[in-house]
A.B. asks: 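Take a look at the following structure, please.
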Amino acid sequence: MGSLCLLLSLTLLSFSAMAMAESNGDPGLVMNFYKDSCPQAEDIIKEQVKLLYKRHKNTAFSWLRNIFHDCAVQSCDASLLLDSTRRSLSEKETDRSFGLRNFRYLDTIKEAVERECPEVVSCADILVLSGRDGIVALGGPYIPLKTGRRDGRRPRSDVVEQYLPDHNESISAVLDKFGAMGIDTPGVVALLGAHSVGRTHCVKLVHRLYPEVDPELNPSHVEHMLHKCPDPIPDPKAVQYVRNDRGTPMKLDNNYYRNILDNKGLLIVDHQLANDARTKPYVKKMAKSQDYFFKEFSRAIAILTENNPLTGSMGEIRKVCTVANKHHHHQSHVEEVEEVVELP
């Protein structure tokens with residue numbers, strides 16, 4: 001019996017070695033990864049995004065925010081989409097994911113892709129491409145992005161705090177965290193331009209209003225903020241928020257940079273961005289030129305979406321984005337071994 005076990009584990013090891021070799025020969029991320037396996041994939045995603053956006057305008061903010069919340073945490077592997085299980089807490093339920101919503105629309109897109117090509121297109125690629133198409137829906141640039149990501153099997157909730165910059169962190173911490181992914185200072189300044197759309201919940205703002213108003217805030221803006229956030233301790237479930245950019249709240253544009261130079265940044269990080277010597281020159285440049293903002297934003301999104309992806313034989317192609325495949329069918333030992341190999 002012992003020798004049989006040994007033989008089995010040796011066979012598994014050789015399988016996982018083959019898997020490794022295969023992944024060494026894998027092309028990684030490439031443009032139009034699905035051109036043979038599912039040529040319609042990118043068009044289906046684009047079509048779904050358009051349909052859903054027509055019905056629910058705020059879905060586009062969610063798709064864009066998903067890229068940041070998934071890719072900035074160790075790997076762009078759709079771990080963000082996994083629901084909690086008995087053994088693991090979902091990333092969606094961590095404090096840092098406060099306000100993230102509209103996940104069900106990603107399921108809608110995934111279902112449409114599955115109807116055309118079952119078990120071919122990863123949730124990670126759907127998350128990234130829907131974000132890209134969401135950017136276009138908001139009037140932002142079209143960004144050519146590579147595909148070929150595979151899905152992680154476990155949420156990364158235990159490290160979310162470590163990797164995701166917080167809105168109250170110093171600019172140094174924010175620059176460091178993005179820098180670790182290969183995104184330079186103008187790239188960080190451009191990514192924060194995503195605050196040109198959407199809204200910020202009062203929970204994130206009240207410390208700048210109560211007990212005293214932050215003297216750095218533009219007084220004309222304070223009145224509006226106090227009107228929108230009348231309670232020093234807002235109910236997190238209440239729909240109390242301030243639009244990030246009152247001028248063009250539904251457009252991804254460079255208005256954000258003009259606002260923060262005018263001390264109308266809602267979050268500490270917005271304010272610091274306009275005042276820190278390392279970032280201010282880029283803020284001024286982006287306030288002047290939408291083209292420059294779009295160019296840097298596109299470059300930064302491309303780098304962010306290529307952060308440490310699972311490719312080749314790593315990870316899996318989830319059937320359903322909220323659940324790892326092993327919950328659907330008994331997973332083979334080979335995959336279990338490979339799961340060990342996958343860890344950094």
Side-chain angles (χ1 to χ4, degrees), residues 26-53 59-72 75-78 80-81 105-106 109-110 112-113 116-117 120-151 178 181-194 196-197 251-254 282 285-286 289-312 314-315 317 321:
D26 91 62
L29 297 182
V30 292
M31 285 296 173
N32 210 352
F33 179 83
Y34 298 106
K35 67 174 185 294
D36 301 323
S37 58
C38 187
Q40 301 299 308
E42 296 200 18
D43 288 336
I44 294 170
I45 294 167
K46 191 174 292 159
E47 202 46 47
Q48 287 294 319
V49 163
K50 276 188 185 150
L51 287 170
L52 290 163
Y53 178 69
T59 48
F61 313 144
S62 302
W63 291 319
L64 170 52
R65 197 174 165 198
N66 286 341
I67 289 183
F68 169 59
H69 279 262
D70 187 51
C71 297
S75 170
C76 215
D77 65 348
L80 173 68
L81 305 179
Y105 299 122
L106 273 178
I109 300 171
K110 171 71 169 167
V113 175
E116 176 75 22
C117 314
V120 173
V121 182
S122 67
C123 296
D125 279 338
I126 289 173
L127 181 148
V128 163
L129 294 175
S130 61
R132 166 178 81 180
D133 297 330
I135 289 166
V136 173
L138 294 165
Y142 173 80
I143 309 168
L145 292 176
K146 295 176 178 172
T147 39
R149 294 165 195 78
R150 288 168 67 83
D151 299 323
F178 280 109
M181 291 181 263
I183 297 171
D184 58 11
T185 305
V188 173
V189 175
L191 281 179
L192 278 160
S196 148
V197 290
K251 271 189 87 72
L252 183 70
D253 58 15
N254 64 339
Y282 299 110
K285 212 171 154 181
M286 287 177 200
S289 163
Q290 175 127 302
D291 287 344
Y292 175 66
F293 162 46
F294 279 0
K295 190 186 88 184
E296 290 299 331
F297 184 76
S298 302
R299 194 173 60 90
I301 287 281
I303 297 168
L304 180 58
T305 56
E306 289 177 25
N307 184 31
N308 193 24
L310 304 178
T311 58
M314 297 189 288
I317 304 293
C321 290

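Values reported hereafter were calculated over all heavy atoms of this structure, with side chains retained and with hydrogens, waters and symmetry mates removed.
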A.B. asks: If you measure from the Lys or Arg side-chain nitrogens to the Asp or Glu carboxylate oxygens, is any gap between Arg299 and Glu296 under 4.0 Å?
C.D. replies: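 Result for this pair is yes, salt bridge flagged.
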
A.B. asks: So, Ser289 side chain and Met286 main chain: donor-acceptor pair closer than 3.5 Å or not?
C.D. replies: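 No.
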
A.B. asks: Any idea which heavy atoms bring Ser37 and Pro39 closest together, and the distance?
C.D. replies: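 Heavy-atom minimum between the residues: C-CD, 3.9 Å.
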
A.B. asks: How far does CZ of Phe61 sit from OG of Ser196, to the nearest 0.5 angstrom?
C.D. replies: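 So the CZ of Phe61 and the OG of Ser196 are separated by 9.0 Å.
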
A.B. asks: Verify, without hydrogens or angle tests, whether Thr311 (side chain) and Leu29 (backbone) share a donor-acceptor contact under 3.5 angstrom.
C.D. replies: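 No, Thr311 side chain to Leu29 backbone: no donor-acceptor pair under 3.5 Å.
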
A.B. asks: Hey, does Phe294 have a side-chain heavy atom less than 4.5 Å from the side chain of Asn254?
C.D. replies: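 Of all side-chain heavy-atom pairs linking Phe294 with Asn254, none is under 4.5 Å.
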
A.B. asks: Do you know the tightest heavy-atom contact between Ala194 and Leu64?
C.D. replies: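 Looking at all heavy atoms of both residues, the closest pair is CB-CD2, 3.9 Å.
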
A.B. asks: If you compare all heavy atoms of Ala300 against all heavy atoms of Gly187, which two are closest, and at what distance to 0.1 Å?
C.D. replies: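 Closest pair (atom of Ala300, atom of Gly187, distance): CB-O, 3.6 Å.
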
A.B. asks: Determine yes or no for a side-chain-to-main-chain donor-acceptor pair under 3.5 angstrom, with Ser122 supplying the side chain and Gly148 the backbone.
C.D. replies: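 Checked: no pair found.
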
A.B. asks: For Val188 and Phe178, which heavy atoms make the closest approach, and how far apart are they?
C.D. replies: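 Minimum heavy-atom separation between Val188 and Phe178: CG2-CB, 3.4 Å.
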
A.B. asks: When you measure from the side chain of Asp151 to the backbone N and O of Cys123, does any donor-acceptor pair fall under 3.5 Å?
C.D. replies: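 Such a contact is found between Asp151 side chain and Cys123 backbone.
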
A.B. asks: Look up atom CG in Leu80 and atom CZ in Phe68, then write down how far apart they are to the nearest 0.5 Å.
C.D. replies: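 Separation between the atoms: 11.0 Å.
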
A.B. asks: Could you walk me through whether Lys50 and Asp133 pass the side chain to side chain contact (heavy atoms under 4.5 Å, CB included) test, one step at a time?
C.D. replies: CA-CA 8 Å; Lys50 276 188 185 150; Asp133 297 330; over 6 Å; no

A.B. asks: Kindly compute the distance separating CD1 (Ile135) from OG (Ser130), expressed to the nearest 0.5 Å.
C.D. replies: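 So the gap between those two atoms works out to 9.5 Å.
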
A.B. asks: Got a second to check how far Ile109's CD1 is from Leu52's CG, nearest 0.5 Å?
C.D. replies: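 It is 5.5 Å, given to the nearest 0.5 Å.
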
A.B. asks: So if I apply the side-chain contact (heavy atoms from CB on, under 4.5 Å) rule between Val121 and each of Ile44, Thr147, Val113, which one comes out positive?
C.D. replies: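 That would be Val113.
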
A.B. asks: Please report the C-alpha distance between Leu106 and Trp63 in whole Å, then the side-chain angles of each, then the deciding distance to 0.1 Å, and finally whether the side chain to side chain contact (heavy atoms under 4.5 Å, CB included) criterion is met.
C.D. replies: CA-CA 8 Å; Leu106 273 178; Trp63 291 319; 4.1 Å; yes

A.B. asks: Sort out for me which residue in Lys110, Arg150, Arg149 forms a salt bridge (charged side-chain N to carboxylate O under 4.0 Å, His left out) with Asp125.
C.D. replies: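 Answer after filtering Lys110, Arg150, Arg149: Arg149.
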
A.B. asks: Which atom names give the shortest non-hydrogen contact between Leu252 and Pro141, and what distance separates them?
C.D. replies: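 Leu252 and Pro141 have their closest heavy atoms at CD2-CD, 4.4 Å.
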
A.B. asks: How many angstroms lie between atom CZ of Arg132 and atom CD1 of Ile45, to the nearest 0.5 angstrom?
C.D. replies: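 Between Arg132 CZ and Ile45 CD1, I get 8.5 Å after rounding to 0.5 Å.
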
A.B. asks: Would you find more than 12 non-hydrogen atoms of other residues, nucleotides or ligands less than 6.0 Å from Lys46 atom NZ?
C.D. replies: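 Yes, enclosed.
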
A.B. asks: Which pair of heavy atoms, one from Tyr34 and one from Ala41, lies closest together, and at what distance?
C.D. replies: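 Taking every non-hydrogen atom into account, CB-CB, 4.2 Å.
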
A.B. asks: For the pair Asp70 (side chain) and Asp77 (backbone), establish whether a donor and an acceptor sit closer than 3.5 Å, ignoring hydrogens and angles.
C.D. replies: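 Yes.
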
A.B. asks: To the nearest 0.5 angstrom, please state how far the CG atom of Leu304 sits from the CD1 atom of Ile183.
C.D. replies: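 Taking CG in Leu304 and CD1 in Ile183, the distance rounds to 4.5 Å.
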
